[in-house]
**Q** 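Let me begin by handing over the structure; questions about it come next.
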Amino acid sequence: MSQVRVRFAPSPTGFFHIGSARTALFNWLYARHTGGVFILRIEDTDKERNSEEFLRVIYDSLRWLGMDWDEGPGVGGSFGPYRQSERAPIYRDYLERLRSAGRTYEKDGATFFRISGEPQVIDDAIRGRVERTEEKDFVIVRSDGNPVFHFVNVVDDLAMRVTHVIRGEDHLSNTSKHTELFRAFGAPLPVYAHIPLILKQNGPGKMSKRDQGALIEEYQRRGFQPEALVNFLCLLGWSPKNDAEKMPLEEIIRLFDLPGINQSNARFDERKLAHMNMAYLHDMPAARYVPLARGFLERGGFFGTTPVDADYLREVLTLCQVKVRSLEELPAAIGFFFREDFAIDPKARDKVLAKGDPCARLRELRAALEQADFSTDATLEAAVQALAVQQGMQTADYIHPGRLAVSGVSAGPTFYGIFRVLGRERVQRRIDRFLASHSPTP
RNA sequence: GUCCCCAUCGUCUAGCCCGGUUAGGACACUACCCUUUCACGGUAAGAACCGGGGUUCGAAUCCCCGUGGGGACGCCA
């Protein structure tokens with residue numbers, strides 16, 4: 001069989017969303033799996049609703065997710081141009097073929113296609129045999145002279161020698177129009193593969209651009225890993241059948257195939273996506289994680305104009321690496337490492353202050369820290385344990401007020417790690433400040 | 001309304017094609033362990049074959065009918 005040629009054909013009429021990304025991904029994966037060609041074609045025949053901004057979002061999102069196209073805008077190819085708005089002469093030629101075959105007629109200024117009315121049968125790669133009979137002639141050229149989706153879609157698939165049409169199930173009912181056209185051109189049908197839809201996580205219906213968590217650029221902005229999103233997305237409607245979930249892209253490409261795609265719609269679950277993203281973050285080597293996190297924080301203006309010490313930042317980031325599900329949680333998680341004016345969580349404070357004599361413990365801790373070895377977590381732990389034994393206290397009696405005094409919250413990375421990274425001077429200063437504002441004594 | 005597609009834990013799914021499983025995994029949830037926090041990690045528990053008819057010794061698996069869900073019915077794509 002000849003080389004597989006698939007295409008992703010978005011129209012730039014809105015932001016790029018999860019459903020489109022998954023359709024693109026399945027096409028891309030199939031092309032890479034088979035050694036075929038992945039074509040990007042822009043379906044911009046609706047002049048009213050197109051915008052250059054949306055077009056840019058499509059390119060950016062595809063690139064961000066790592067889906068490179070072999071033919072299409074920017075890279076060219078033998079079957080261009082790849083924007084439908086630039087293919088008018090081709091559509092004229094094909095229209096003429098239909099006209100001379102007596103398959104068109106004019107009405108109200110528009111050009112209609114005369115259907116055969118024969119039952120249209122396809123052998124869908126995912127759904128099997130599907131039969132549907134088209135009942136009405138339909139418009140292929142609007143009265144303003146612009147050709148319509150069904151027509152240009154088929155003409156381009158024909159002209160671009162597309163072998164497999166992998167698209168959402170919402171097109172299944174349209175397929176009878178398309179096969180009518182293919183047959184009118186005397187052309188063989190491509191292989192159709194109608195993939196299940198992604199349903200919104202709350203409420204009925206398929207996911208749309210306006211739904212929570214629907215936009216790809218949103219995940220990019222929030223610091224999700226594109227590999228994690230790709231991994232999550234490929235598992236929505238497809239399974240490697242071996243219980244594997246987190247897989248390297250090469251593995252996904254190797255295992256991906258049309259028969260592995262299931263037939264029922266899948267509901268989007270942001271919690272599972274968050275978990276996948278966390279898994280990617282955790283497994284990332286520091287050499288990659290640190291610059292990535294740093295870049296994200298810089299873009300968000302986290303450091304302001306203050307220069308950061310690279311070594312200190314690396315310590316902070318690696319200490320907190322296992323604490324975040326996505327990079328967007330980073331600023332809140334590491335803020336206290338970079339500023340003295342961090343807020344004290346009132347609930348945590350009330351809880352700590354309610355038990356025993358935390359201020360006395362803090363004074364003891366501060367004094368003990370004078371001699372403590374800050375070089376490793378273990379030496380700090382030993383120092384605090386020795387202090388507890390000496391005072392007849394629990395280490396927890398020091399840990400909880402200590403954590404609150406230096407970070408303002410009750411949760412975070414390991415207590416000793418925070419002290420080690422912050423360093424003696426800063427820890428003592430924060431304890432002093434906490435004591436000054438929270439001691440019951442005058 | 002007409003037509004098309006689909007149906008396993010709350011969610012994503014394996015198993016179905018080629019009938020015989022304690023119906024498996026993951027997310028989420030719960031408990032315990034670890035860390036005297038939280039998270040991570042570990043262990044355990046709960047949790048599903050939409051309903052009804054067939055076929056069969058035997059049905060999640062094959063067939064039919066319901067029901068439910070989704071989609072399409074534009075001079076949108």
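None of the values given here were measured: they were computed from a predicted structure. Atom set for the values below is all heavy atoms of this structure, side chains included, hydrogens, waters and symmetry mates excluded. Note on naming: letters A, B, ... go to the chains in the order of the sequence lines (proteins, then strands), and numbering restarts at 1 for each one.
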**Q** In the structure shown, which nucleotide is the Watson-Crick or G-U wobble counterpart of B:A23, with both distances under 3.5 Å?
**A** none
**Q** Counting only Watson-Crick or G-U wobble pairs whose two distances fall under 3.5 Å, which nucleotide matches B:C62?
**A** B:G54
**Q** Rounded off to whole Å, could you give me the CG-to-C1' distance for the A:L172 and B:C6 pair?
**A** 11 Å
**Q** Can you tell me how far C1' of B:C17 sits from CZ of A:R129, to the nearest Å?
**A** 18 Å
**Q** Could you pick out which residue, A:A266 or A:Q385, lies toward the 5' side of RNA chain B when each is mapped onto its nearest nucleotide?
**A** A:A266
**Q** Without decimals, in angstroms, what is the distance between A:K351 NZ and B:U36 C1'?
**A** 12 Å
**Q** Could you check whether A:E381 gets within reach of a base, just the sugar-phosphate, or nothing at all, counting any heavy atom under 4.0 Å?
**A** sugar-phosphate
**Q** Taking B:U55 as the reference, what is the distance to B:A44 when you measure between their P atoms (whole Å, please)?
**A** 44 Å
**Q** Strictly under 4.0 angstrom, non-hydrogen atoms only: write out the protein contact profile of nucleotides 25-31 of chain B, one letter per nucleotide from the 5' end, B, S or -.
**A** BBSS---
**Q** Tell me which nucleotide, if any, is Watson-Crick or G-U wobble paired with B:C38 when both distances must be under 3.5 Å.
**A** none
**Q** How is A:S410 classified with respect to the nucleic acid when contacts are heavy atoms under 4.0 Å: base, sugar-phosphate, or nothing?
**A** base
**Q** Searching all strands shown, indicate the nucleotide that pairs with B:U30 (Watson-Crick or G-U wobble; both distances under 3.5 Å).
**A** B:A44
**Q** Report the distance from atom CE of A:M247 to atom P of B:U13, rounded to the nearest whole Å.
**A** 13 Å
**Q** Going by heavy atoms closer than 4.0 Å, what residues in residues 194-205 of chain A are next to RNA chain B?
**A** A:L197, A:P204, A:G205
**Q** Using atom C1' in both nucleotides, what's the gap between B:C64 and B:A28 to the nearest angstrom?
**A** 38 Å
**Q** Can you sort out which residues in residues 23-30 of chain A have a heavy atom within less than 4.0 Å of RNA chain B? Ascending by number, please.
**A** none
**Q** Is the gap between the ring centers of A:F138 and A:F112 under 6.0 Å?
**A** no
**Q** Considering only atom P, compute the distance from B:U13 to B:U8 and round it to an integer number of Å.
**A** 9 Å
**Q** Roughly, in whole Å, what's the span from NZ in A:K241 to C1' in B:U13?
**A** 8 Å
**Q** Return yes if the base of B:U36 and the side-chain atoms of A:T395 contain a donor-acceptor N/O pair under 3.5 Å, otherwise no.
**A** yes
**Q** So, does the side chain of A:K323 form a donor-acceptor pair with the base of B:C40 at under 3.5 Å?
**A** no
**Q** So, does the side chain of A:R267 form a donor-acceptor pair with the base of B:U11 at under 3.5 Å?
**A** no
**Q** Using OP1 and OP2 only, check whether a side-chain N or O of A:N262 sits under 4.0 Å from B:U8.
**A** no
**Q** Using the C1' atoms only, state how far B:C76 lies from B:G24, rounded to an integer number of Å.
**A** 44 Å
**Q** Once side-chain hydrogen bond (donor to acceptor under 3.5 Å, both in side chains) is applied, do any residues pair with A:R420, and if so which ones, sequence neighbours excluded?
**A** A:E315, A:D377
**Q** If you take the centroid of each ring, where Trp contributes its six-membered ring, are A:F224 and A:Y280 closer together than 6.0 Å?
**A** no
**Q** In whole Å, measure the gap between the C1' atoms of B:U43 and B:C62 for me.
**A** 41 Å
**Q** Taking CD1 from A:I418 and P from B:U35, how many angstroms apart are they, rounded to a whole number?
**A** 18 Å
**Q** Is the closest basic N to carboxylate O distance between A:R361 and A:D397 below 4.0 Å?
**A** no
**Q** Base, sugar-phosphate or nothing for A:I399? Non-hydrogen atoms, less than 4.0 Å.
**A** nothing
**Q** Expressed in angstrom and rounded to an integer, what is the separation of A:N277 atom CG from B:A39 atom C1'?
**A** 15 Å
**Q** Does the structure show a Watson-Crick or G-U wobble partner for B:A72, both distances under 3.5 Å? Name it, or say none.
**A** B:U2
**Q** For A:Q263 and B:C6, is the shortest distance between a side-chain N/O and OP1 or OP2 below 4.0 Å?
**A** yes
**Q** Parallel, tilted or perpendicular for A:F419 and A:F415, by the 30°/60° rule?
**A** tilted
**Q** Could you list all the salt bridge (Lys or Arg N to Asp or Glu O under 4.0 Å) pairs where at least one residue sits in residues 104-117 of chain A, not counting sequence neighbours?
**A** A:R99-A:E106
**Q** Could you check whether A:F296 and A:F302 have their ring centres less than 6.0 Å apart?
**A** no
**Q** With A:R271, which residues qualify under salt bridge (charged side-chain N to carboxylate O under 4.0 Å, His left out), at least two apart?
**A** A:D269
**Q** Quantified in whole Å, what is the C1' atom distance between nucleotide B:C16 and nucleotide B:A60?
**A** 7 Å
**Q** Report the relative orientation of the aromatic rings in A:F336 and A:F342; use parallel for angles under 30°, tilted for 30 to 60°, perpendicular for over 60°.
**A** perpendicular
**Q** Answer yes or no: is there a side-chain heavy-atom contact under 4.5 Å between A:L65 and A:W28?
**A** no
**Q** Holding to salt bridge (charged side-chain N to carboxylate O under 4.0 Å, His left out), I want the full list of residues that pass it with A:E135, two or more places apart in sequence or in another chain.
**A** none
**Q** Just jot down the salt bridge (charged side-chain N to carboxylate O under 4.0 Å, His left out) partners of A:E270, sequence neighbours excluded, or say none.
**A** none
**Q** Please report the distance separating the P of B:U67 from the corresponding atom of B:G52, rounded so that it comes out in whole Å.
**A** 15 Å
**Q** For residues A:F16 and A:Y59, establish whether the separation of their ring centroids is below 6.0 Å.
**A** no
**Q** Please enumerate all residues that pass ring-ring contact (aromatic ring centres under 6.0 Å, His included) together with A:Y289, with sequence neighbours excluded.
**A** none
**Q** Could you run through nucleotides 72-77 of chain B and give me one letter per nucleotide, 5' to 3': B if any protein heavy atom sits under 4.0 Å from the base, S if only the sugar-phosphate is that close, - if neither?
**A** S-SBBB
**Q** Classify the angle between the aromatic ring planes of A:F149 and A:H178 as parallel (below 30°), tilted (30 to 60°) or perpendicular (above 60°).
**A** perpendicular
**Q** Whole angstroms only, please: what is the CZ-P distance between A:F268 and B:G69?
**A** 23 Å
**Q** Using the P atom on both, measure B:G19 against B:C63 and round to a whole Å.
**A** 11 Å
**Q** Under the salt bridge (charged side-chain N to carboxylate O under 4.0 Å, His left out) test, which residues partner A:E328, sequence neighbours left out?
**A** A:R222
**Q** Using side-chain hydrogen bond (donor to acceptor under 3.5 Å, both in side chains) as the criterion, list what pairs up with A:H275, not counting sequence neighbours.
**A** none
